[in-house]
Amino acid sequence: MFVFKINVIVAIIFGTILIFNLNVNAAEQNPPPDKESEWYWLASNNKYTKYFAPISVNVLKQAMTETGKEVPTEIEAWTKTTYTLAGATETIKNYGISNILPNPKVLAYSLALLKINPQTRTVQYAREDFYNAQNKVLWSKTEGRVKEINSQAFDEDFYAAIVDEVFRQGEVARKKAADRWIELWTFTSSDGVTTTVTADTTTFQLKGTNLIFWEWQETKSSNKKVTEIRFMKKSINLNQGTERMISGEVWTASNKRWKELEDDYGGAYRMIRNDDPDYKGLVRLRAFAKGYSTWVKRYAIS
């Protein structure tokens with residue numbers, strides 16, 4: 001038994017070292033740019049400034065469609081984030097590394113090697129290095145969690161720019177477009193409560209006859225105050241006229257915080273009746289999918 005435990009421990013240590021080495025090797029094969037001119041500015045606010053390196057964009061995996069076309073399914077690229085004091089403070093808190101970096105003033109910028117799956121709109125930080133102003137590495141992290149990209153994601157600017165480098169389908173332009181969000185339906189009850197639902201067209205992806213996307217549902221009282229917000233990822237079968245919630249969060253004015261939204265149907269599809277308020281949304285989505293078929297199928301494999 002003792003020997004078995006020793007072997008397990010050795011295996012775990014070896015596996016950890018192997019994962020770290022794989023990420024180091026990946027970074028060595030596609031190292032971050034060493035020239036400032038190779039970083040392209042994406043966005044800035046009072047906390048962060050974001051860049052990416054077009055020269056580092058690399059297709060790692062592709063899938064073959066039925067027509068013989070190769071479609072990228074995994075892309076990597078380097079990004080750079082610089083921090084103000086507020087941004088550094090927030091980053092250290094989010095990563096839970098205040099014991100490692102107790103003074104946020106020393107954190108100047110970070111470099112990250114991202115792996116992107118356009119079919120699932122996900123990003124993984126394969127490697128991150130955090131630097132001080134003297135370009136010394138303060139802390140590093142590998143194998144970050146996989147994150148889905150939507151309008152609330154910090155990484156949305158990175159995702160859009162990197163995917164555009166490969167597909168050239170206008171991901172950045174759609175993200176900034178005035179009609180990025182389209183209204184699906186609005187309903188006002190007899191007591192003056194109004195619910196409005198909008199859909200984020202940047203997230204539209206048609207898989208078979210199911211349109212996958214994120215929607216924003218906002219409810220206001222009769223005196224125009226927001227009482228509830230639901231942010232949901234949905235799948236709507238355009239042919240059958242059914243829908244289901246994949247995931248979501250809800251915010252209410254009473255508790256003023258976000259929490260996971262429970263699906264009343266347990267993840268099952270429900271029929272959208274023609275007398276439902278959201279039937280108008282179904283009609284709108286069908287029209288969009290037909291009129292913008294290239295966009296909703298832009299990363300499709302089948």
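Applying the ring pair (Phe, Tyr, Trp, His ring centres under 6.0 Å) definition to pairs two or more places apart or across chains, those involving residues 274-297 are Phe204-Phe288, Phe288-Tyr292. For residues 288-302, every residue pair satisfying the salt bridge (Lys or Arg N to Asp or Glu O under 4.0 Å) rule, not counting sequence neighbours, is listed here: Glu171-Arg298. Within the structure, ring pair (Phe, Tyr, Trp, His ring centres under 6.0 Å) contacts touching residues 163-187 (residues at least two apart or in different chains) are Phe167-Tyr299.
Under the side-chain contact (heavy atoms from CB on, under 4.5 Å) criterion, Lys93 pairs with no residue, sequence neighbours left out. Phe130 pairs by the ring-ring contact (aromatic ring centres under 6.0 Å, His included) definition with Tyr95, Trp139, not counting sequence neighbours. The side-chain hydrogen bond (donor to acceptor under 3.5 Å, both in side chains) test applied to Glu228 returns Arg230, not counting sequence neighbours. Not counting sequence neighbours, Asn46 has no partner by the side-chain hydrogen bond (donor to acceptor under 3.5 Å, both in side chains) test. The side-chain contact (heavy atoms from CB on, under 4.5 Å) test applied to Lys35 returns Ser37, Glu38, not counting sequence neighbours. For Thr89, the side-chain hydrogen bond (donor to acceptor under 3.5 Å, both in side chains) criterion is met by no residue, not counting sequence neighbours. Looking at residues two or more places apart in sequence or on another chain, you find a side-chain contact (heavy atoms from CB on, under 4.5 Å) between Ala108 and Ala133. By the salt bridge (charged side-chain N to carboxylate O under 4.0 Å, His left out) test, Arg180 is found to be paired with Glu156, Asp200, residues two or more places apart in sequence or in another chain being considered. With sequence neighbours left out, the side-chain contact (heavy atoms from CB on, under 4.5 Å) criterion links Asn223 to Ser221, Lys225.
Using a cut-off of 4.0 Å between Lys/Arg side-chain N and Asp/Glu carboxylate O, Arg270 and Asp276 are scored as salt-bridged. Salt bridge absent: Lys175 and Asp164 never bring a charged side-chain N and a carboxylate O closer than 4.0 Å. One finds a salt bridge joining Arg174 and Asp179 here, because a Lys/Arg side-chain nitrogen approaches an Asp/Glu carboxylate oxygen to under 4.0 Å. Salt-bridge annotation for Glu66 and Lys69: absent, with no side-chain N of the basic residue lying under 4.0 Å from a carboxylate O of the acidic one.
No single ILVMFWY cluster, assembled from side-chain heavy atoms under 4.5 Å apart, contains both Val172 and Ile75. No continuous path of ILVMFWY side-chain contacts below 4.5 Å connects Trp258 to Val250, so the two sit in separate hydrophobic clusters. Residue Trp216 is not grouped with residue Val193 when hydrophobic side chains (ILVMFWY) are merged at heavy-atom distances under 4.5 angstrom, including chains of intermediate members. Hydrophobic clustering (ILVMFWY, side-chain heavy atoms < 4.5 Å, transitive): Leu206 and Met245 are in distinct clusters. Residue Leu211 is grouped with residue Ile182 when hydrophobic side chains (ILVMFWY) are merged at heavy-atom distances under 4.5 angstrom, including chains of intermediate members.
Between the CH2 atom in Trp39 and the OG atom in Ser56 there is a gap of 6.5 Å [rounded to 0.5 Å]. In this structure, the separation between CG on Leu184 and NZ on Lys280 is 9.5 Å, given to the nearest 0.5 Å. To the nearest 0.5 angstrom, Arg121 atom CZ is 9.5 Å from Lys233 atom NZ. Expressed to the nearest 0.5 Å, how far CD1 of Ile212 lies from NZ of Lys234 amounts to 12.0 Å. Atom-to-atom distance recorded for Asp278:CG and Arg273:CZ is 10.0 Å, nearest 0.5 angstrom. Between Gln240 atom CD and Asn210 atom CG the span is 7.5 Å, to the nearest 0.5 Å.
At a threshold of 4.5 Å between non-hydrogen side-chain atoms, the residues Tyr83 and Ser110 count as touching. Residues Pro32 and Leu113 fail the side-chain proximity criterion, which asks for heavy atoms closer than 4.5 Å. Taking the side chain as every heavy atom from C-beta outward, Lys220 and Val226 approach each other to under 4.5 Å.
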Working for side chain to side chain contact (heavy atoms under 4.5 Å, CB included), residues Tyr51 and Tyr40: CA-CA 5 Å; Tyr51 307 84; Tyr40 181 84; 6.0 Å; no
Residues Gln169, Thr294; criterion side chain to side chain contact (heavy atoms under 4.5 Å, CB included); working and verdict: CA-CA 9 Å; Gln169 290 291 329; Thr294 300; 3.9 Å; yes
Steps toward side-chain hydrogen bond (donor to acceptor under 3.5 Å, both in side chains) verdict (Asn237, Thr242): CA-CA 5 Å; Asn237 189 301; Thr242 57; 4.8 Å; no
Steps toward side chain to side chain contact (heavy atoms under 4.5 Å, CB included) verdict (Ile116, Phe158): CA-CA 10 Å; Ile116 289 175; Phe158 297 142; 6.0 Å; no
Chi angles and distances behind the side chain to side chain contact (heavy atoms under 4.5 Å, CB included) call for Val71, Gln119: CA-CA 10 Å; Val71 180; Gln119 284 72 33; 3.6 Å; yes
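A cation-pi arrangement is present between Lys80 and Tyr109, with the terminal nitrogen or guanidinium carbon under 6.0 Å from the aromatic centre and inside a 45° cone about the axis. Relative to the ring axis of Phe154, Lys147 does not place its NZ or CZ within 45° and under 6.0 Å from the centre.
Under a 3.5 Å cut-off, the side chain of Glu243 and the backbone N or O of Leu282 do not form any donor-acceptor pair. Judged by distance alone, the side chain of Glu143 and the main-chain N or O of Gln124 form no donor-acceptor pair under 3.5 Å.
In the model, Trp214 has a side-chain atom that pairs as donor or acceptor with a side-chain atom of Glu148 under 3.5 Å. There is no side-chain donor-acceptor pair under 3.5 Å between Asn117 and Thr122.
A pairwise comparison of heavy atoms in Ala53 and Pro33 identifies CB-CG, 3.3 Å as the closest pair.
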